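Since the structure comes first, as structure tokens, the remarks are kept for the end.
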Amino acid sequence: MASTLPYDVQSIRSEFPILQRKVKGKSLVYFDNAATAQKPKQVIDAITHYYSHYNANIHRGLHTLADEATAAFEASRAAVQAFIGAKQHEEIIFTKGTTESINLVSNAWGNVFLEAGDEIIISSLEHHANIVPWQMIAERKGAVIRVIPIDADGRLDMEAYKKMLSSKTKMVSVVHASNALGVINPIEQIIQLAHQHGALALVDGAQSAVHLDIDVQSLDCDFFVFSGHKTYGPTGVGILYGKRHILESMQPYQGGGEMIKEVSFEKSTYNELPFKFEAGTPNIADVIALQFGIDFISRIGKAAIRQHEAELLAYASSKLRLVEGLKIRGDVEEKVSVVSFTIEGVHPQDLAILLDNQGIAVRTGHHCAQPLMNCLGVVGTTRASFAAYNTIEEIDILIEALNKSLKMLK
Ligand code: C6P
């Protein structure tokens with residue numbers, strides 16, 4: 001439930017032990033949240049507690065520890081189900097990240113349903129994780145990838161998208177919010193149009209799940225994927241949501257323990273959902289801890305966090321615009337809390353090193369979106385991304401450090 005208390009950023013900061021540390025003698029300013037968010041103490045404690053008190057394999061043992069671990073693991077599935085509004089817990093599959101979730105779909109769905117000449121639509125904004133798996137299956141099946149173009153600010157060309165759709169389109173796989181620019185795509189419309197042409201729609205929610213309200217039933221997407229580590233949870237846990245009847249029609253991704261019903265040397269039959277897609281011992285501790293990341297978001301309230309982050313984004317953007325030669329890339333209204341920029345005559349990598357010397361963590365480079373950088377005609381950008389625990393004072397520190405760095409570089 002959303003909190004009605006005023007937003008107390010200092011109290012939120014106190015829940016994140018890492019924010020106490022110094023980098024190069026300065027207080028850490030962590031603005032690389034789009035890469036991975038820091039973890040609240042309750043997530044860190046959940047991992048220690050699991051290994052200290054009830055470490056056991058799940059869904060198999062008939063002993064107390066196994067029962068406790070299984071219950072905690074399944075509680076995380078229920079938390080994820082509620083977090084994204086899925087109808088049934090069987091529709092939530094645990095993977096190791098967004099990347100694995102997309103690979104699972106491209107293989108387990110693509111192997112069954114793609115044929116030569118079929119088309120898969122992605123967009124120019126995609127992370128490599130939503131490009132390469134489709135290229136791999138397209139190559140195997142003789143399918144064709146089509147790419148929705150963007151304008152200079154990273155807005156999708158929806159007219160071009162509409163023209164691309166046809167009876168050949170089998171899958172539309174598009175990012176909800178761009179990791180490199182922060183731009184939010186009109187995902188409802190993208191999904192509706194895909195369905196009108198009989199295609200399925202996959203939403204890469206790696207950057208949206210933590211910021212935007214997600215209801216997979218009202219979105220009506222066929223798949224929604226995201227990573228636990230960007231939602232204040234641990235690394236090594238990803239989520240694949242899929243509509244039940246579609247997941248049922250797909251082949252297993254990997255074979256092994258847990259995903260089977262009966263095995264003989266002649267033939268094996270597969271387990272029910274969600275276990276059919278969870279072969280082998282999963283990442284039990286981190287899946288269990290994920291629910292505490294989700295709990296952190298729910299306790300503070302997504303709307304409250306979003307408002308706080310929007311204030312940070314607006315403040316940072318207004319200050320950055322004053323820097324000579326600086327251009328914000330993806331300077332649009334509908335954005336998550338990511339600001340990506342280039343500065344005339346300055347290589348992003350040089351800037352990142354100078355900022356790190358002042359205790360500031362930003363990401364620079366192509367952000368695993370090389371084709372997007374080519375579309376924008378840049379080698380890379382400097383990206384600052386904000387989370388629930390960041391402050392206006394930290395942005396002032398960034399701007400001061402940036403101006404100091406530019407004096408050294410220019
Ligand atoms: N983006 C970033 O710094 P994994 O690595 O599987 O958790 O997530 C991959 C991924 C897929 N789609 C989008 C939109 C993403 O942002 C990411 C991860 C990080 O932007 C690391 S490259």
Side-chain angles (χ1 to χ4, degrees), residues 30-39 80 84 93-107 122-136 147-148 150 154 156 172-185 187 190 201-212 214 221 223-241 253 282-283 286-287 289-290 293 329-330 334-341 348-349 352 361-373 375-376 380-387:
Y30 187 77
F31 284 157
D32 198 14
N33 296 287
T36 196
Q38 296 303 345
K39 318 304 170 201
V80 171
I84 60 169
I93 316 284
F94 286 118
T95 63
K96 70 180 166 68
T98 303
T99 304
E100 191 179 41
S101 298
I102 298 174
N103 276 280
L104 193 162
V105 176
S106 66
N107 280 278
I122 59 172
S123 86
S124 304
L125 291 169
E126 301 314 317
H127 185 281
H128 297 164
N130 199 26
I131 301 174
V132 186
W134 297 115
Q135 287 173 334
M136 289 161 74
V147 184
I148 311 171
I150 47 168
L156 289 190
V172 174
S173 188
V174 171
V175 71
H176 197 174
S178 153
N179 67 313
L181 306 179
V183 174
I184 300 173
N185 284 328
I187 206 71
I190 293 171
L202 182 149
V203 178
D204 175 351
Q207 297 293 338
S208 63
V210 65
H211 302 292
L212 308 179
I214 305 296
C221 53
F223 301 104
F224 187 93
V225 297
F226 67 105
S227 298
H229 68 94
K230 296 186 204 277
T231 49
Y232 304 102
T235 50
V237 182
I239 289 88
L240 163 64
Y241 157 81
Y253 176 47
N283 184 354
D286 293 316
V287 168
L290 171 65
R329 303 289 172 163
E334 292 288 302
K335 276 177 80 166
V336 293
S337 51
V338 168
V339 61
S340 207
F341 57 86
Q349 248 150 28
V362 292
R363 184 168 174 190
T364 52
H366 55 60
H367 313 293
C368 300
Q370 276 178 356
L372 169 61
M373 296 297 127
C375 291
L376 297 173
T381 71
T382 302
R383 179 187 74 180
S385 48
F386 310 119

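As the structure is a prediction and not an experimental result, all values here were calculated from the model. We count ligands from 1, going down the list as the structure has it; atoms in each ligand are counted the same way.
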Quiz item: ligand 1: which residues have a non-hydrogen atom closer than 4.0 Å?
Solution: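 Residue list for ligand 1: A34, A35, G97, T98, T99, H127, A129, V175, N179, D204, A206, Q207, S227, H229, K230, R363, C368, R383.
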
Quiz item: Heavy-atom distance under 4.5 Å between the side chains of K96 and P282, does that happen here?
Solution: no

Exercise. Would you indicate whether the side-chain heavy atoms of V174 and E126 approach each other to under 4.5 Å?
Key: yes

Practice problem: Using ring pair (Phe, Tyr, Trp, His ring centres under 6.0 Å) as the criterion, list what pairs up with F386, not counting sequence neighbours. | Solution: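 Scan of F386 (ring pair (Phe, Tyr, Trp, His ring centres under 6.0 Å), adjacent residues dropped) gives F31.
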
Practice problem: Using ring pair (Phe, Tyr, Trp, His ring centres under 6.0 Å) as the criterion, list what pairs up with H367, not counting sequence neighbours. | Solution: none

Exercise. Name all residues meeting the salt bridge (Lys or Arg N to Asp or Glu O under 4.0 Å) criterion together with R383; count only those two or more places apart in sequence or in a different chain, and write none if there are none.
Key: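 D32.
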
Practice problem: Classify the ring geometry between H176 and F224 as parallel (under 30°), tilted (30 to 60°) or perpendicular (over 60°). | Solution: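 Taking F224 first and then H176, their aromatic rings stand perpendicular (interplane angle over 60°).
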
